[in-house]
Amino acid sequence: QVQLVESGGGLVQPGGSLRLSCAASRGVFSADVMGWFRQAPGRQRELVATITDTGITSYSDSAKGRFTISRDSAKNTIYLKMNSLQPEDTAVYYCNLRRLFEQYWGQGTQVTVSS
């Protein structure tokens with residue numbers, strides 16, 4: 001069983017920055033795709049960014065140009081650098097790992113952008 005643990009969320013003012021981390025337990029395969037999703041109250045869970053073992057990244061339109069996903073395979077950890085945060089970025093951010101027939105989710109970390 002893969003365990004994912006997120007950290008780095010918190011309260012930040014508009015225009016501020018945060019860096020999220022997601023540490024995965026042992027047993028992660030190099031080919032596993034990892035990424036970040038977010039879910040705000042009353043909204044569907046949406047994809048924010050993904051990254052492959054070879055470093056291929058994908059971003060949602062809202063994240064592109066502001067967020068950067070990265071991966072440290074040796075540490076089984078992915079990161080999400082978030083700049084120019086706005087109130088609409090407020091959500092619970094979830095780490096995700098996907099393989100051929102399985103998906104795993106972290107518990108989520110709250111990001112609140114408010115004055």
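On a predicted model such as this, the values are computed, not experimentally measured, just so you know. Start at 1 with the first residue, then count along the sequence.
S115 and Q13 make their closest contact through O-NE2, 4.3 Å (heavy atoms, listed as atom of the first residue, atom of the second, distance). For V111 against G9, the heavy-atom pair with the smallest separation is CG2-CA, 4.2 Å.
At a threshold of 4.5 Å between non-hydrogen side-chain atoms, the residues Y94 and R38 do not count as touching. Residues R71 and I69 have side chains not in contact (no heavy-atom distance under 4.5 Å, counting atoms from C-beta outward). Contact check for L11 versus S114: side-chain heavy atoms found under the 4.5 Å cut-off. Between Y93 and Q110 the shortest side-chain heavy-atom distance does not fall below 4.5 Å. Residues L85 and L18 have side chains in contact (heavy-atom distance under 4.5 Å, counting atoms from C-beta outward). Within the 4.5 Å cutoff, the side chain of D53 has no heavy atoms near those of the D32 side chain. Side-chain contact between L97 and L4 is present, with at least one heavy-atom pair separated by less than 4.5 Å. In this structure, R99 and V2 have side chains that are in contact, with non-hydrogen atoms separated by less than 4.5 Å.
The closest donor-acceptor contact from the side chain of Q39 to the backbone of V92 lies at 3.5 Å or more, if one exists at all. One N or O on the side chain of R66 and one on the backbone of S84 form a donor-acceptor pair closer than 3.5 Å. Side-chain N or O atoms of Y79 include none that pairs as donor or acceptor with a backbone N or O of T68 at under 3.5 Å. Not one N or O on the side chain of T90 forms a donor-acceptor pair closer than 3.5 Å with the backbone of T112. In this structure, Q3 contributes its side chain and S25 its backbone to no donor-acceptor pair below 3.5 Å.
Note: K75 NZ to S21 OG = 11.0 Å, rounded to the nearest 0.5 Å. Taken to the nearest 0.5 Å, the CG atom of L47 stands 6.5 Å off from the OG atom of S58. Here the CG atom belonging to L100 is positioned 10.5 Å from the CZ atom belonging to R98, to the nearest 0.5 angstrom. Summarising the geometry, atom SG belonging to C22 is positioned 4.5 Å from atom CE belonging to M34; distances are rounded to the nearest 0.5 Å.
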Candidate pair R45 and W105, rule side chain to side chain contact (heavy atoms under 4.5 Å, CB included), full reasoning: CA-CA 12 Å; R45 184 174 297 184; W105 297 92; 3.3 Å; yes

Steps toward side chain to side chain contact (heavy atoms under 4.5 Å, CB included) verdict (L20, M82): CA-CA 8 Å; L20 307 182; M82 303 186 294; 3.8 Å; yes

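The environment of E88 atom CD is dense: over 12 non-hydrogen atoms of other residues, nucleotides or ligands sit within 6.0 angstrom. Shown here is Q44, whose CD atom has no more than 12 heavy atoms of other residues, nucleotides or ligands within 6.0 Å. At most 12 heavy atoms of other shown residues, nucleotides or ligands fall within 6.0 angstrom of atom CD in Q107.
For W36 and F67, the ring centers sit 6.0 Å or farther from each other.
Donor-acceptor pairing under 3.5 Å is lacking for the side chains of D72 and T77.
In the hydrophobic clustering of this structure, Y59 groups with I78; members are Ile, Leu, Val, Met, Phe, Trp, Tyr whose side-chain heavy atoms approach within less than 4.5 Å, directly or through other members.
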